[in-house]
Amino acid sequence: MGATRVTRRFALVDRDGTINEERHHLRDPDQLHLIPGAAEALIRLRDELDMGIVVLTNQAEVGRGNLAIEELERIHERLRSLLAAAGASVDAIEVCPHRPEDGCACRKPAPGMALAAAERFGFVLRESFVIGDHASDMGLGRAVGATTVLVRTGHGRAQEDAAAPQADHVAQDLAGAVAIIAGLVERGGVGGSDRRT
């Protein structure tokens, strides 16, 4: 019998307030700045932990008509450019363009973007990690059975009480989240209730 193929794990990472600095309704690519240490954390996920990385972002301003798809693409071009300049990259960026009142299946905490990413890349959601600064990120993670890590950057501190029931772990920032994930992978498991700060 041949060896069992090991499916690559993925990290599903929020954009605003997790990778780049939080800006209210970001519309200008020049306003996008990486959070210190975020690029290095993504490099560690890919190079040290051999994980795929997909960014999941709610962008209701598109649905409201305040942000054109072309403008959003320019923002993501800048994000990729800033990451590349630091030696980092992501496999994909999944976007929900809908308003909260639209009742779509992709706006976090609904699992649509995670399901789409798993179908595209063929990874197991229950073995993946969801990292973000909102209760909605943690809700998405729970919906798909992933291990969830709340970061205290962006809205994370303000959201901590609301997000805590669905967060498996809490970290100061993306680098701290990746350190937690590295520890979990090293121990050969995912999830758990031992939250770290």
Side-chain angles (χ1 to χ4, degrees), residues 10-36 38-39 41-42 52-84 88-121 125 128-144 146 148-167 173-174 177:
F10 267 69
L12 307 177
V13 187
D14 175 54
R15 193 191 82 179
D16 301 322
T18 302
I19 297 175
N20 54 274
E21 295 175 358
E22 179 66 38
R23 291 283 187 273
H24 185 62
H25 299 322
L26 175 65
R27 297 190 187 101
D28 184 348
D30 291 337
Q31 293 180 322
L32 190 147
H33 301 284
L34 299 179
I35 292 172
L42 295 177
I53 303 165
V54 177
V55 176
L56 308 182
T57 181
N58 288 343
Q59 293 297 320
E61 289 299 279
V62 174
R64 294 183 181 116
N66 297 325
L67 181 68
I69 288 292
E70 295 77 15
E71 293 173 312
L72 181 61
E73 288 173 353
R74 285 195 291 273
I75 289 169
H76 287 157
E77 285 172 8
R78 175 168 169 82
L79 175 60
R80 289 181 185 276
S81 177
L82 290 174
L83 290 174
S89 63
V90 299
D91 292 277
I93 301 174
E94 292 282 344
V95 175
C96 169
H98 305 109
R99 303 170 302 169
E101 60 268 29
D102 291 339
C104 67
C106 56
R107 182 177 171 82
K108 295 181 286 187
M113 287 190 287
L115 293 170
E119 181 175 355
R120 177 176 175 182
F121 293 104
L125 282 166
S128 65
F129 299 88
V130 174
I131 308 169
D133 68 324
H134 275 272
S136 61
D137 297 304
M138 304 301 98
L140 175 145
R142 278 297 165 90
V144 299
T148 54
V149 187
L150 177 74
V151 293
R152 291 188 172 119
T153 49
H155 293 289
R157 288 190 182 277
Q159 288 266 308
E160 191 166 350
D161 287 346
Q166 298 183 93
D173 53 18
L174 184 55

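In this text, all values refer to a predicted model and were calculated from it rather than measured experimentally.
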Closest approach of Pro100 and Ala60, non-hydrogen atoms and distance? CD-CB, 4.1 Å

Between the side chain of Asp28 and the main-chain N/O of Asp30, is any donor-acceptor distance below 3.5 Å? yes

What's the spacing between Arg80 CZ and Glu73 CD if we round to 0.5 Å? 10.5 Å

Least distance between heavy atoms, Ala177 atom then Val151 atom: CB-CG1, 4.0 Å

Less than 4.5 Å apart, side chain to side chain, heavy atoms only: is that true for Pro29 and Glu77? no

Distance-only, no hydrogens or angles: does the Glu61 side chain make a donor-acceptor pair with backbone N or O of Asn66 under 3.5 Å? no

Are any of the side-chain heavy atoms of Leu12 and Leu125 separated by less than 4.5 Å? yes

Between the NE2 atom in His24 and the CD atom in Gln31, the distance rounded to the nearest 0.5 Å is 11.5 Å

Nearest 0.5 Å, please: how far is CD in Glu94 from SG in Cys106? 9.0 Å

Closest heavy-atom pair and its distance - Leu56, Met113: CD2-CB, 3.9 Å

Could you walk me through whether Leu150 and Asp137 pass side-chain contact (heavy atoms from CB on, under 4.5 Å), step by step? CA-CA 8 Å; Leu150 177 74; Asp137 297 304; over 6 Å; no

State whether a side-chain donor-acceptor pair under 3.5 Å links Arg15 with His76. yes

Going by heavy atoms in the side chains, are Pro97 and Gln59 under 4.5 Å from each other? no

Going through the checks in order, is the salt bridge (charged side-chain N to carboxylate O under 4.0 Å, His left out) test met by Arg23 and Asp16? CA-CA 7 Å; Arg23 291 283 187 273; Asp16 301 322; over 6 Å; no

Exceeds 12 heavy-atom contacts within 6.0 angstrom, atom CD of Glu101: yes

Ile93 side chain near Leu79 side chain, heavy-atom distance below 4.5 Å: yes

Residue pair Asn58 / Cys96, side-chain heavy-atom distance below 4.5 Å: yes

Evaluation steps, side-chain contact (heavy atoms from CB on, under 4.5 Å), between Thr153 and Leu174: CA-CA 8 Å; Thr153 49; Leu174 184 55; over 6 Å; no

Identify the heavy atoms of Ala114 and Leu140 that sit nearest to each other, and give their distance. CB-CD2, 3.9 Å

Could you tell me which non-hydrogen atom of Arg120 sits nearest to which non-hydrogen atom of Ala92, and how far apart they are? NH1-CB, 3.4 Å

Between Arg27 and Glu71, is the closest basic N to carboxylate O distance under 4.0 Å? no

After noting the C-alpha distance and the side-chain angles of Lys108 and Asp14, does the key distance pass the side-chain contact (heavy atoms from CB on, under 4.5 Å) rule? CA-CA 10 Å; Lys108 295 181 286 187; Asp14 175 54; 2.9 Å; yes

Supply the atom-to-atom distance Met138 CE to Ile131 CD1, rounded to the nearest 0.5 angstrom. 8.5 Å

Working to the nearest 0.5 Å, report the span between CG of Asn20 and CD1 of Ile35. 6.5 Å

Would you say that Arg64 contacts His25 through its side chain, given a criterion of any heavy-atom pair below 4.5 Å between the two side chains? yes

For residues Gly141 and Val130, report the shortest heavy-atom separation together with the two atoms involved. CA-CG2, 3.7 Å

Can you tell me how far CD1 of Ile75 sits from CG of Leu26, rounded to the nearest 0.5 angstrom? 4.0 Å

